[in-house]
Amino acid sequence: MTVLDFLTKKKDRRPISMVTCYDSWSAALIGRTDIDCVLVGDSVSMTLYGHDNTLNVDVATMAAHTAAVRRGLPEGFIIGDMPFLSYRKGLEDTMSNAGALMQAGANAIKLEGADGNIDIIRHIVGSGIPVMGHLGLTPQSVHRFGGFRVQARSEEAALRLKDQALALQEAGCFSIVLEAVPASVAASVTSRLEIPVIGIGAGPEVDGQVLVLQDLLGLNPDFNPKFARRFLDGAGLIVDALQAYHRDVGDRSFPTAQESYR
Ligand code: KIV
């Protein structure tokens with residue numbers, strides 16, 4: 001996959017599959033599948049570090065996770081997420097942060113929102129760094145939204161979203177993530193854009209889907225959002241395996257002679 005394939009896939013109406021990934025061992029497993037691309041998302045803040053939102057990761061952390069994913073997935077297309085405020089403190093700071101993610105191994109960066117970001121996106125793209133946009137429920141703005149809520153429910157908000165998406169396209173984004181918006185709104189934005197729209201909680205009529213790896217593997221039994229299909233009962237399988245290990249240690253059936261050195 002290259003940045004050009006995103007456009008080709010949209011033109012050919014072939015859906016793009018994207019999944020989040022933060023570490024090298026799961027990156028290597030993803031590398032054994034046909035999944036198109038990987039997002040080193042700032043959701044790592046919640047998923048791996050246990051925070052309530054995505055505001056608690058910095059550029060160094062995102063770069064370290066991006067480098068780990070690159071080591072596990074040498075040939076994959078990797079998008080590095082620009083963390084909270086890392087693209088809002090001026091051009092120089094933004095460029096060194098985007099550069100850090102690219103030098104850690106990303107093929108592109110992602111940043112949230114359109115308002116106030118258009119000039120900076122133009123500059124990043126003009127500097128040779130592909131940019132993925134992110135609209136709808138942009139988690140870095142969770143406090144402004146008053147929680148993790150579906151966005152663009154009113155006609156006015158849906159129109160504003162469409163304008164923002166067009167502005168991102170015009171600024172040079174190669175693709176946009178659209179998160180937690182009504183399916184009809186996502187379909188309408190998707191049909192207006194030449195660049196692909198990758199949805200999460202945005203219904204089926206978009207150009208691709210992204211899910212958090214841990215959600216699709218069912219690793220957190222306490223998190224059941226409507227949009228995240230569980231493709232595996234990962235938590236159940238892992239708990240059973242750990243319990244079996246504990247049992248076998250307890251009754252000394254592990255290790256056997258074959259599992260021991262002579
Ligand atoms: O950080 C992330 O994982 C994301 C996806 C949910 C799109 O931004």
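Both ligands and their constituent atoms are indexed starting at 1 by order of listing.
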Check against side-chain hydrogen bond (donor to acceptor under 3.5 Å, both in side chains), T61 and D58: CA-CA 5 Å; T61 304; D58 58 15; 2.6 Å; yes
Proximal ligand 1 atoms for G41, defined as those under 4.0 Å from one of its heavy atoms: 1 (O), 2 (C), 3 (O)
Atom 8 (O) of ligand 1 - nearest protein heavy atom and its distance: K110 NZ, 3.0 Å
L101 CG to D81 CG distance, which is reported to the nearest 0.5 Å: 8.5 Å
Part of T54 within contact of ligand 1 (heavy atoms, under 4.0 Å): neither
Per-atom contacts, ligand 1 versus D42 - under 4.0 Å to a heavy atom: 1 (O)
Protein contact of atom 6 (C) of ligand 1 - nearest heavy atom, named by residue and atom, plus distance: I200 CD1, 3.7 Å
Connected via hydrophobic side-chain network under 4.5 Å: L91 and I121: yes
Part of V44 with heavy atoms under 4.0 Å of ligand 1, whether side chain, backbone, both or neither: neither
Heavy atom of the protein closest to atom 2 (C) of ligand 1 (residue, atom name, distance): S43 OG, 3.3 Å
Candidate list K11, K10, R13, test side chain to side chain donor-acceptor pair (under 3.5 Å), partner D207, passing option: K10
Atom 5 (C) of ligand 1: nearest protein contact (heavy atom, Å): L39 CD2, 3.6 Å
Numbered atoms of ligand 1 (with element) below 4.0 Å of H134, judged on heavy atoms: 8 (O)
H51, NE2 atom: more than 12 neighbouring heavy atoms under 6.0 Å: yes
Residues R230 and N220: side-chain donor-acceptor under 3.5 angstrom: no
D23-S26 side chain donor-acceptor pair, cut-off 3.5 Å: yes
For ligand 1, the portion of T20 having any non-hydrogen atom under 4.0 Å away: side chain
